[in-house]
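Because only heavy atoms are used, hydrogens play no part in the values below, and waters and symmetry mates are left out as well, while side chains stay in. Below, read A as the first sequence line, B as the second, and so on, with proteins coming before strands; counting in each chain starts at 1.
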There are 2 protein chains.
Amino acid sequence: MSEKKEVRKYDTALFLEEIQKRVAIPEGEFEKFLTLWEFRKFNRNEFILQSGEVPKFSIFVLKGCLRQYIMNEKGEESIVYFAEERHFIGDLQSIRNKTISIYNFQAIEECELLTISAENWEQAFIEFSWWTKAHLTGYQKWAASLQQQMVEHHTLTGEVRYLNLLKAKPKLFQRVPQHYIASYLGISPETLSRIRKKIFNS
Amino acid sequence: MSEKKEVRKYDTALFLEEIQKRVAIPEGEFEKFLTLWEFRKFNRNEFILQSGEVPKFSIFVLKGCLRQYIMNEKGEESIVYFAEERHFIGDLQSIRNKTISIYNFQAIEECELLTISAENWEQAFIEFSWWTKAHLTGYQKWAASLQQQMVEHHTLTGEVRYLNLLKAKPKLFQRVPQHYIASYLGISPETLSRIRKKIFNS
DNA sequence: GAATAACGTTGACTAAAGTCAAGAAATTAA
DNA sequence: TTAATTTCTTGACTTTAGTCAACGTTATTC
């Protein structure tokens, strides 16, 4: 039991660190804040949240890697986000408005997550002003990077985007299947295979 | 003088409406809030903010239409956002961190704007909690739509994306040049011309 | 550890979109 | 109103990426 507690301490330190990157937390408030979150484990390939449902929680990843993707009418998947350790992920719009989400969230590896319900999420805003601030900053950063990503997709070839992603998130390539990378980049698996062949034979 | 004041009243009502869509404003606070904003006019094609500079303000559009775009090393433009009436626009990341922006903001038509400085922006968060809330909600919505846009760009052809945009923002097509639409959609002007030919000849 | 499934590669072909160049049409400015 | 400029269109060609099918290679799973 004491051992388990020790592990949890280590884990949540990661969470604390990540928030402190964005904002200063008043002494003692983090512990209270943590009680709003729940620890969950998921197995490889297990679904965490499914499209067509109102999402039950939002997520911070302590360990593992998961993907957010959408499936169109033809059954084709399109990955919009990978969340590795230290990343927040979820469909906040749907959670807060209690509307159906169009996204699936699936564990790519065995995952350890901290999750927070819609109610506790709203509670966190009321109780902790620093959380609101951190959240705002996070969103600003994220929206800016999404916009940047759009530009890249408009102006660069698949090959260049592949190289950029490889440079930006090298570890990702060692933990997710290649066709997931292709889906995220918005190209077919075959095209990615050919891009790699071209790059690594020259 | 009294006539001018009347005009301003009408204009800011638009601003009030737009915020009230997101959040309820306590009696009397809007007037105080308004003092943090400045009214500005820009001529057609005039630059409002330039890349390579720290942006001096963030924007709400009362009248007219402007574009946010990036220019790459080759001198090619890529439009990331159109702001028509009732829209917020700016590079908040750069404003708040006082870093150089990569985006240009240019008036497409004669524009009437409300602008807010970095200092007043931070002040608004401190003074008006409803503004923080409205802002958070706005960002959530925007980020979600950017993600959705990424998916569309990954999975749909230029033709379908053109039709979707036409459906979503029909008025935009009557006020901005066609090659701006092409740039925003991430296709060449020639391709857009051909898409239109194909659509309207069948 | 054999069977099964998932993943990655390759070839041949097709489709979508970009590029370059020329010229028509429309808009703006003098 | 005319001249200048910008915008749009079209043709010919190239590049990039998608599709379908086959097959080899890894991983899983029982």
Side-chain angles (χ1 to χ4, degrees), chain A residues 43-47 65 67 69 71-79 82 106-110 150-166 172-202, chain B residues 43-46 65 67 69 72-79 82 106-110 150-166 172-202:
Chain A
N43 295 323
R44 196 172 112 84
N45 291 333
E46 194 176 349
F47 283 96
C65 182
R67 67 184 181 126
Y69 71 96
M71 188 175 265
N72 68 11
E73 328 74 49
K74 292 175 210 150
E76 296 157 346
E77 293 179 0
S78 183
I79 296 176
F82 291 111
Q106 185 184 24
I108 295 176
E109 312 166 350
E110 187 171 285
M150 279 295 295
V151 171
E152 291 204 3
H153 207 280
H154 283 175
T155 56
L156 306 177
T157 63
E159 183 175 338
V160 179
R161 278 181 285 133
Y162 171 77
L163 287 168
N164 286 354
L165 185 62
L166 188 58
L172 189 66
F173 291 72
Q174 289 159 347
R175 66 197 303 184
V176 313
Q178 193 170 298
H179 70 278
Y180 281 4
I181 300 283
S183 171
Y184 180 71
L185 288 172
I187 58 183
S188 70
E190 293 95 332
T191 297
L192 181 52
S193 177
R194 291 186 179 105
I195 286 171
R196 282 167 47 83
K197 188 183 177 186
K198 190 186 157 200
I199 292 171
F200 299 121
N201 289 355
S202 59
Chain B
N43 295 322
R44 198 173 110 83
N45 290 332
E46 194 176 349
C65 182
R67 68 185 181 124
Y69 70 96
N72 68 11
E73 328 75 47
K74 292 174 209 149
E76 296 157 345
E77 294 178 358
S78 183
I79 296 177
F82 292 109
Q106 186 184 22
I108 294 176
E109 312 167 350
E110 187 170 286
M150 280 294 298
V151 171
E152 290 203 4
H153 207 280
H154 282 177
T155 55
L156 307 177
T157 63
E159 183 175 336
V160 179
R161 276 181 287 135
Y162 171 78
L163 288 168
N164 287 352
L165 185 63
L166 188 59
L172 189 65
F173 291 71
Q174 289 160 345
R175 66 199 301 188
V176 312
Q178 192 172 299
H179 69 279
Y180 281 3
I181 300 284
S183 172
Y184 179 72
L185 288 172
I187 59 183
S188 70
E190 293 95 331
T191 297
L192 181 53
S193 176
R194 292 188 178 104
I195 285 171
R196 282 166 47 82
K197 188 183 177 185
K198 190 186 157 200
I199 292 171
F200 299 120
N201 290 356
S202 61

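- Residues E152(A) and N164(A) have side chains in contact (heavy-atom distance under 4.5 Å, counting atoms from C-beta outward).
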For residues 182-191 of chain A, which side-chain donor-acceptor pairs fall under 3.5 Å, sequence neighbours excluded?
| from | atom 1 | to | atom 2 | distance (Å) |
| --- | --- | --- | --- | --- |
| S183(A) | OG | I79(A) | N | 2.9 |
| Y184(A) | OH | Q149(A) | NE2 | 3.4 |
| S188(A) | OG | T191(A) | N | 3.2 |
| S188(A) | OG | T191(A) | OG1 | 2.9 |

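- In terms of the side chain to side chain contact (heavy atoms under 4.5 Å, CB included) criterion, residue partners of S193(A) (sequence neighbours excluded) are, by chain and number, Q178(A).
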Sugar-phosphate or base contact per nucleotide [nucleotides 15-26 of chain C; S, B, -; heavy atom under 4.0 Å] = --SBBBB-----
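- Residues passing the ring-ring contact (aromatic ring centres under 6.0 Å, His included) test with Y69(B), sequence neighbours excluded: none.
- Annotation: side chain to side chain donor-acceptor pair (under 3.5 Å) contacts of E110(A) (sequence neighbours excluded): none.
- For R67(A), the salt bridge (Lys or Arg N to Asp or Glu O under 4.0 Å) partners at least two apart in sequence or on another chain are E77(A).
- Taking atom CG of residue L192(A) and atom P of nucleotide dT16(D), one finds them 16 Å apart after rounding to whole Å.
- When the ring-ring contact (aromatic ring centres under 6.0 Å, His included) test is applied to H153(B), the partners found at least two apart in sequence or on another chain are H153(A), H154(A).
- The CG-P distance, from N43(A) to dT29(D), rounds to 11 Å in whole Å.
- Remark: C1' of dT10(D) and CZ of F200(B) are 18 Å apart, rounded to the nearest angstrom.
- Atom C1' of nucleotide dA5(C) and atom CG of N45(A) are separated by 12 Å, given to the nearest angstrom.
- Helix bend of the helix from dG1(C)-dC30(D) to dA30(C)-dT1(D): the angle between its two end axes, each built from five pairs, comes to 60° after rounding to 10°.
- In this structure R196(B) satisfies the salt bridge (Lys or Arg N to Asp or Glu O under 4.0 Å) test with no other residue, sequence neighbours excluded.
- Atom CZ in R44(A) sits roughly 11 Å away from atom P in dA27(D) (whole-Å rounding).
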Each nucleotide of nucleotides 3-8 of chain D classed B (base within 4.0 Å of a protein heavy atom), S (only sugar-phosphate) or -, in 5' to 3' order, makes ----SS
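- By the side chain to side chain contact (heavy atoms under 4.5 Å, CB included) test, N45(A) pairs with Q106(A), sequence neighbours left out.
- Looking only at side-chain heavy atoms (C-beta outward), L163(A) and V160(A) stay at 4.5 Å or farther from each other.
- Not counting sequence neighbours, the partners of R175(B) by the salt bridge (Lys or Arg N to Asp or Glu O under 4.0 Å) test are E84(B), E85(B), E109(B).
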